[in-house]
Protein chains: 2
Amino acid sequence: MAVRTSLARKGGQRQSVPPPFPSIAKSFDLAGATTAFSRNEEVFGEGEPAEYLYKVASGCVRTYNTLNDGRRQIGAFYFPGDIFGLEARKLHTCSAEAITRSRLQAIKLTELVSRIPRGMVLNRLLLELTTDELQRTQSHILLLLKSAQERVIGFLLDMADREDSLSEIELPMSRQDIADYLGLTIETVSRTLTRLETASTISLPSSRRVVLRDRQALNQLLN
Amino acid sequence: MAVRTSLARKGGQRQSVPPPFPSIAKSFDLAGATTAFSRNEEVFGEGEPAEYLYKVASGCVRTYNTLNDGRRQIGAFYFPGDIFGLEARKLHTCSAEAITRSRLQAIKLTELVSRIPRGMVLNRLLLELTTDELQRTQSHILLLLKSAQERVIGFLLDMADREDSLSEIELPMSRQDIADYLGLTIETVSRTLTRLETASTISLPSSRRVVLRDRQALNQLLN
DNA sequence: CGTCAACTTGATGGGTCTCAATAGCGGTGG
DNA sequence: CCACCGCTATTGAGACCCATCAAGTTGACG
């Protein structure tokens, strides 16, 4: 799978940003073996020691926090090639679950140093991963400030960029997942999608498939 | 000034987290000389090359993004001892301004390596700074999901922790700054503060001074 | 005492949440 | 093949929270 260029929002405008150098982190092979995870299976839980780094070989993973009022905030979705599980401190500050049946490469952080490519320092790898995460998180903040319609459109465009497809998206996650990522309710997400379909800017062959019919209109609605 | 312990929200609950090691980054002296900035003076602008790292010697700084609908999103406030200006890529993705008359230490990134304490690697310093930033950003997301009252209370408690005062806060920033940080309007911020004062959980000797009168009640209102 | 900026307060409307019911979809078994 | 089931998604009606627009208040400074 090709290394993806990450996305950044600058001034609220969508914009592709090339990586600072051909992303070593993402193309870096963590380990040979993969572990299988079934749908909704937990990869790690909040509060557990953060000893491993994971790379998605196939499938899709979500990380989330559980708020004390019971709501769930999804922090990020990870697709094949993405690396996750890195934490600032010793413990995980979020939980991770497989969304679909997935295969993950895992490597113990303490063993990582021996697998690092010649000439690369551990701190540089970690810095790169943390930097990517920071950019994603900052974009996420800007997304949460907007109207429901703008959030949903922003989400769809992000997904379209992350899948290789030009205009047809296969969503592995449920409406609840989307809602918890965007800080909305499933009803609002559903209504917004319906309204976009009515306006002929997208079409919904099935609930998990979205076709972007008019990207220009979508970008305009981002305001 | 003492090195502060940073804050993290876990499960939406407030919780102090000790730094992984006595924060080298924050106690690290960037340079001898300081530059003065007047109120509202720009330190750097979005899109400019990110060549310097800044450490607040006195005063207070805000970083922000301007959205394309004209709104402004404040990403963070920086107080004495805090370091800012580090970017993932070559250019600044946000602007920075002094909130009050401030003095800042600045050092060119390219010169940084020569000033790094013996035995420390550049990447480790950068990693530490990025990690701090990531934690702040993640907390910020969780704050933006809550009700106006919870956001304002969360903000006040954060400020109280960052100032050394136990219960009396001196806010250097305007209502507009607070609103743009919390994703609210100034009216909502003002009304919320008034309501909290009416409920005797805080008092407002002046608009920029806040006394936390009942921290237990405040924590309870965080839900 | 006038001016200006910052802040507060009030009235109103709109966007999203809540609660509730209906519809679709995949699986399982008769 | 069809009936049934559970789960997911859609649709509707009403309430509530916050934004908006507008007016009034306060405080600093000349």
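Letters go in sequence order (proteins before strands), and every chain restarts at 1.
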Donor on one side chain, acceptor on other, A/Ser147 and A/Glu150, under 3.5 Å: yes
Aromatic ring pairing B/Phe84/B/Phe44, orientation class (parallel under 30°, perpendicular over 60°, tilted between): tilted
Any donor-acceptor N or O pair under 3.5 Å, side chains B/Glu87, B/His92: yes
Atom pair distance, as rounded to whole Å: CG in B/Leu67 and P in D/dA19: 15 Å
Working for side-chain hydrogen bond (donor to acceptor under 3.5 Å, both in side chains), residues B/Glu41 and B/Ser38: CA-CA 5 Å; B/Glu41 185 176 348; B/Ser38 56; 3.1 Å; yes
A/Arg72 NZ/CZ over A/Tyr64 ring centroid, <6.0 Å and within 45° of normal: yes
Atom-pair distance (CZ on B/Arg71; C1' on D/dC18), nearest Å: 13 Å
Sugar-phosphate or base contact per nucleotide [nucleotides 4-20 of chain C; S, B, -; heavy atom under 4.0 Å]: --SSBBBB----SSBBB
